[in-house]
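Here is the structure we will look at, set down as structure tokens.
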There are 2 protein chains.
Amino acid sequence: MASSLLSTPSRTLAPAPAPAGLRGRAPAQAHLPRGVALGPRRSRALRVRASVAIEKETPESEPPPTFLREDGQGAGSGSVRARFEAMIRRVQGEVCAALEEADGGGARFVEDVWSRPGGGGGISRVLQDGRVFEKAGVNVSVVYGVMPPDAYRAAKGEAGKNGAAAADGQKPGPVPFFAAGISSVLHPKNPFAPTLHFNYRYFETDASKDAPGAPRQWWFGGGTDLTPSYIIEEDVKHFHSVQKQACDKFDPSFHPRFKKWCDDYFYIKHRNERRGLGGIFFDDLNDYDQEMLLNFATECADSVLPAYIPIVERRKDTPFNEEHKAWQQLRRGRYVEFNLVYDRGTTFGLKTGGRIESILVSLPLTARWEYDHKPEEGTEEWKLLDACINPKDWI
Amino acid sequence: MASSLLSTPSRTLAPAPAPAGLRGRAPAQAHLPRGVALGPRRSRALRVRASVAIEKETPESEPPPTFLREDGQGAGSGSVRARFEAMIRRVQGEVCAALEEADGGGARFVEDVWSRPGGGGGISRVLQDGRVFEKAGVNVSVVYGVMPPDAYRAAKGEAGKNGAAAADGQKPGPVPFFAAGISSVLHPKNPFAPTLHFNYRYFETDASKDAPGAPRQWWFGGGTDLTPSYIIEEDVKHFHSVQKQACDKFDPSFHPRFKKWCDDYFYIKHRNERRGLGGIFFDDLNDYDQEMLLNFATECADSVLPAYIPIVERRKDTPFNEEHKAWQQLRRGRYVEFNLVYDRGTTFGLKTGGRIESILVSLPLTARWEYDHKPEEGTEEWKLLDACINPKDWI
């Protein structure tokens, strides 16, 4: 089946004028799920060198029992791939049910299912213009792709340097990979109810077709972060406490490390500010027991509802005025800036031809940009901005 | 003076998590004016290799008579640099005056002036929340910078390959450059009044400091393009006719070539659609007489008001309903996508630390993203989208 997922020659992915020949021609399709971000070194390498070629998706009327290839590696129900897919699909269902309940009957999730002929697919669920939520997207996807050997070497360091190189010294071949992830962004209407983002993802590389003996690699990534327009300390403390509890069940180093990683990742460099008040973030995680990390990712995903729903319940009906709403809209603009300019999953997906509506469901329904807007020092708006510029320890 | 504009080591400009060390530290400053886009090859090379280091700007209370360095190359009043600066500053004044008049006393332009200690600076003028215009920005800037020799070679092809290389075979040094430009985006409130963008820019490279005998290069770039939410043929034909008239005064090949270049450049690849209905666009233009091209850029800049003001006057008070406004807001979202993801001036400016408020003044006051919005076939919204997907010859 892998032969239907062709790799194309390495080329620059940087934006360039579209050749006229592109017009009217179906673009080469590739897809990484919105939640499947790439590690720093991998991301850079791919940006320059890579083309990950994946088939165009086709709509499906019903979600299949699994998006895993039946005849592929790790298709057994006890495999990490299978258990991760089962976990993200369970969490998708639970999160959507809880959000519909929180929305109080205002709106329902609509579902789009797609698959790819060679295996893989996804389920996008979106609730729009509800009573509580302006826009809420909860996506899962499973991708079989091929990454160029150079990108793979860059990604995996020393181990990877031998990864795709055949033992007999032949030229390294493209490296097939598997990626599964859940990704979600929840934008409430009320300016005092924060935006939430989470995604959890699992990667595996297969042996190269040209080098069957090459080692396989796996890693986990993900995170949950909170983006309020106003700081309500009780809420922010609660959110970070739940993240810490999830981390502390596994390793005392996790929370401080992943909290800082989150502050570093959701950084709008051109503004010198973060998009929000952080949470946890990790990537390329494979230096622990694989079972332990699967359990950790599961624990994190299961912590989303207890971390977030109580906050939304408390704030969804808080009275607000036009100034509060305008400030929320300006912060939504920052959210757009981060996602379109920096977020690896988004930028990679856009440049390689992923399912655009699934990728961009993370964008808010509405956003605003005012020229040179500066909150007055000491105001609630200023306090939020200050906390985005200077990340704090909330607990 | 050039010694105060230090080049930094080549590094990847791709987004990456900010190291914690960046926090609280003033980032290295660099700036390319919003209107100073880079050519295709140059853009790619810089994206990967370059760091253009320019000093941080300082606010000024009054615009100086010139932003040119007094003791620099081409500072004489008859030089192309000086005449180009005079032209863009004149046009800035005329465009702002005409827009204030069209706004009917609703709002006035506010002005921010800045300069850099080593030379160069800019004037940003912004009119916000007027009677007719939601947001109108008209910026001029003059930049003295340094580009790495590799980027310069990539930029100028064969000629450039010798550009920064010293005749005695020493390693090529960084290439000082001069750039001046005017850039403007005008977003009216009425959904039947189109958005307009124009920018015109002039580049020169100086002799490399390490290779004083190296040849100097110069080139012009720019364009004017129209982004309506609804097609009113009379308006679109008028707009393109004025562009053609300006081109035809200089070379019969200009209009067909620059019209197509515009359709190719303002392409939202991940949507397979253009952001609007085009106009003219050109870059790296130096294969004509320099005086002729200076006159051509001047003619184009002077054509902005006759191309646009009659359209705005006709449409500023057209009755509209909420659906018209929502569609305009969705198209505004596409504008944001193009500018943040593809526009070379914007992405380069963001990644190198330009004056953010000047760069992002191009973004609309408000924008909207709905999940999987598809206009019904045959509607006015569908017709606009169709014309963005399949560019037409309007005249």
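No hydrogens, no waters, no symmetry mates; every other heavy atom, side chains included, goes into these values. A, B, ... follow the sequence lines: proteins, then strands. Residue 1 opens every chain.
Among Val126(A), Asp129(A), Leu365(A), the residue with the largest count of heavy-atom pairs under 4.5 Å with chain B is Leu365(A). Options Val110(B), Thr366(B), Ile268(B), Asp372(B) differ in how many heavy-atom pairs under 4.5 Å they form with chain A, and the most are formed by Asp372(B).
For Ile356(A), the part lying under 4.5 angstrom from a heavy atom of chain B is the side chain only. When heavy atoms are compared at a cutoff of 4.5 Å, Gln329(A) does not approach chain B at all.
Side-chain contact check for Asp112(A) and Ser124(A): no donor-acceptor pair (N or O, by modelled atom type) lies under 3.5 Å.
The existence of a salt bridge linking Glu134(A) and Lys189(A) is excluded, since no basic side-chain nitrogen approaches an acidic carboxylate oxygen closer than 4.0 Å.
With sequence neighbours excluded, the residues satisfying salt bridge (Lys or Arg N to Asp or Glu O under 4.0 Å) with Arg108(A) are Glu100(A). Taking Glu273(B) as the reference, Arg331(B), Arg334(B) meet the salt bridge (Lys or Arg N to Asp or Glu O under 4.0 Å) condition, with sequence neighbours excluded.
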